[in-house]
2 protein chains.
Amino acid sequence: MFAHVKASPTYPPGILGGLTASHVTFSTSEFNYRKGTEIYGEKEPAEYVYQVVSGAVRSYKLLSDGRRQIGAFHLVGDIFGLENDDAHRFTAEAIMDTTVRLVRRLSLERVAHSDPVLARNLLVMTTSNLQHAEDHMLLLGRKTALERVAAFLLEMDRRLTGVDVVALPMCRRDIADYLGLTLETVSRALSKLHAYGALNFLGSNQREIMLVDRDQLARLDT
Amino acid sequence: MFAHVKASPTYPPGILGGLTASHVTFSTSEFNYRKGTEIYGEKEPAEYVYQVVSGAVRSYKLLSDGRRQIGAFHLVGDIFGLENDDAHRFTAEAIMDTTVRLVRRLSLERVAHSDPVLARNLLVMTTSNLQHAEDHMLLLGRKTALERVAAFLLEMDRRLTGVDVVALPMCRRDIADYLGLTLETVSRALSKLHAYGALNFLGSNQREIMLVDRDQLARLDT
DNA sequence: CGGTGCGTTGAACGCATTCAATTGTGGTGG
DNA sequence: CCACCACAATTGAATGCGTTCAACGCACCG
């Protein structure tokens, strides 16, 4: 395959930074994925747990006719692919050229069995995923297109490190499949927010967005 | 009265059936809620974990203008209200007259801290909630009204003990708020499925539904 | 009985989708 | 260097699915 491995140098505290165990260290390695390539597929055995070192990842489910629902975007620092079953429940793909660090799931499980700290961390991470999914159900079930896009921008603003500008790594179609809309509707909503004076476009591509009026966006988010 | 739920004669092993600890027993008590009453509210401190003994419960979030998204229905045997944060993330209400068993959350946490079996069970339960939410995101984001209602019927068919008939404890509005639709759309979809020969209505109220053609429903569910 | 809650059905509307055309950018090769 | 193509994004016009508004039927209950 295309991906090549690096030796694991020194990294934030803990194995996967957040997946901390008491007195153990795990062996990790790194992998590179080119834009658009699959990291793992839905229902494949969950052999590894991943952390984004650089780049961005989308996790999605497909219906038989190709309709796609992206459940989450994984940004730098995020851990993903953590399953307690044997199989992945999403397909994960690199949105752009991406480096991930990975650790064998079984080595985690083995340690967690006797290490309350790690076990606790696994629960906290799962809970945080659950919380995100619960909030997203409300968005998908009950919010309008404009509200969804506003919520999305605020989420990205919070999660992306960028100081003033939100530099989106994903295309309009990805945003649409995350928000349960079409790419045209996302585009129209962004244009409307631009007309409202809530945001400005910066780059040559339209993925760098300056949030001018966060209060207005927050009001739309309800 | 209205729909009657089968009393569950034997209770699963463990304190809250599924929330099993190694060598400990927790003190539990029971509580009755009349139809429509709140069990706990969103953002209230999460003092107890609950299990449905009889009846049914809805968990939902509200937007400021009253739009409601039901995240889950809790049926006989189900555990709900399990949070790892201090606060509940949903409001829980009795759909019909309901009896719940409850145990203090802190007593669980205390034991889980040193009991890997219980800790593991907490993780498994949280994961199962997460899995449900992930599937529901796909439904809310990408499925048509007919597909949603078909999926709902199959879910209830699987989870309700009833042999041949699905005896829904909830009204059309609850179903709608669970599926991200209006009650009229739910009603129309059910009528259409009836016309298709996929189901029959039984009781005087329209909540007892016999699934005649599960294959057809499953095909709609995609 | 009238009142209320629940469910169904019809008709009109509207938001988001679908279909389509256009623009701009980056990459590739002649 | 520019012609060419693929891809991303915007915008307009028409369509349609689900919503909104409204009327009605029915069971239950005081």
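Reminder, nothing fancy here: chain letters follow the sequence lines and each chain counts from 1. Values below: every heavy atom of this structure, side chains too, minus hydrogens, waters and symmetry copies.
Contact annotation: A/Ser204 side-chain N/O to C/dG26 OP1/OP2 distance is under 4.0 Å. Between D/dT11 and A/Ser191, a contact under 4.0 Å exists linking OP1 or OP2 to a side-chain N or O. Side-chain nitrogen and oxygen atoms of B/Thr185 include at least one within less than 4.0 Å of the OP1 or OP2 phosphate oxygen of D/dT19.
Going from atom CD1 of A/Ile95 over to atom P of D/dA8 covers 12 Å, rounded to whole Å. Residue A/Arg142 contributes atom CZ, which lies 16 Å from atom P of C/dC15 at whole-angstrom precision. Rounded to whole Å, atom P of C/dG7 lies 12 Å from atom CD of B/Glu208. Distance CD (B/Gln206) to C1' (C/dG5): 14 Å, rounded to an integer number of Å. Counting to the nearest Å, the P atom of D/dT19 and the CG atom of B/Leu179 are 10 Å from each other. Between the P atom of D/dG12 and the CD atom of A/Glu184 lies a distance of 14 Å, rounded to the nearest Å. One atom, CG of A/Leu140, and another, P of D/dG18, lie 16 Å apart when rounded to the nearest Å. At whole-Å resolution of the value, CZ in A/Phe201 and C1' in D/dT10 are 9 Å apart.
Judged by atom type and distance alone, A/Arg188 reaches the base of D/dG12 through a side-chain donor-acceptor pair under 3.5 Å.
Ranked by how close their nearest DNA chain C nucleotide is to the 5' end, A/Asn205 and A/Leu146 are led by A/Leu146.
Side chain of A/Thr182, nearest nucleotide from D/dG18, C/dT17, C/dT9: C/dT17. Out of D/dA9, C/dT17, C/dG7, the shortest distance to the side chain of B/Arg172 is found at C/dG7. With C/dA16, D/dG18, D/dT10 as the choices, the nucleotide that has an atom nearest any side-chain atom of A/Ser187 turns out to be D/dT10.
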Exercise. What's the verdict on side chain to side chain donor-acceptor pair (under 3.5 Å) for A/His132 and A/Glu155, showing C-alpha distance, side-chain angles and the deciding distance?
Worked result: CA-CA 11 Å; A/His132 179 269; A/Glu155 181 190 352; 3.2 Å; yes

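Note on B/Arg105 versus B/Glu83: no salt bridge recorded, every NZ/NE/NH1/NH2 to OD/OE distance being 4.0 Å or above.
Between B/Tyr50 and B/Phe31, the distance separating the two ring centers is not shorter than 6.0 angstrom.
Side-chain atoms of B/Arg148 come within 3.5 Å of backbone atoms of B/Leu140 as a donor-acceptor pair (strictly under, hydrogens ignored).
Within the 4.0 angstrom heavy-atom criterion, base atoms lie near B/Leu183. B/Gly203 comes within 4.0 angstrom of no nucleic acid atom, judged by non-hydrogen atoms across all strands.
Geometrically, A/Arg68 engages A/Tyr60 in a cation-pi contact, judged by NZ or CZ lying under 6.0 Å from the ring centre and within 45° of the ring axis.
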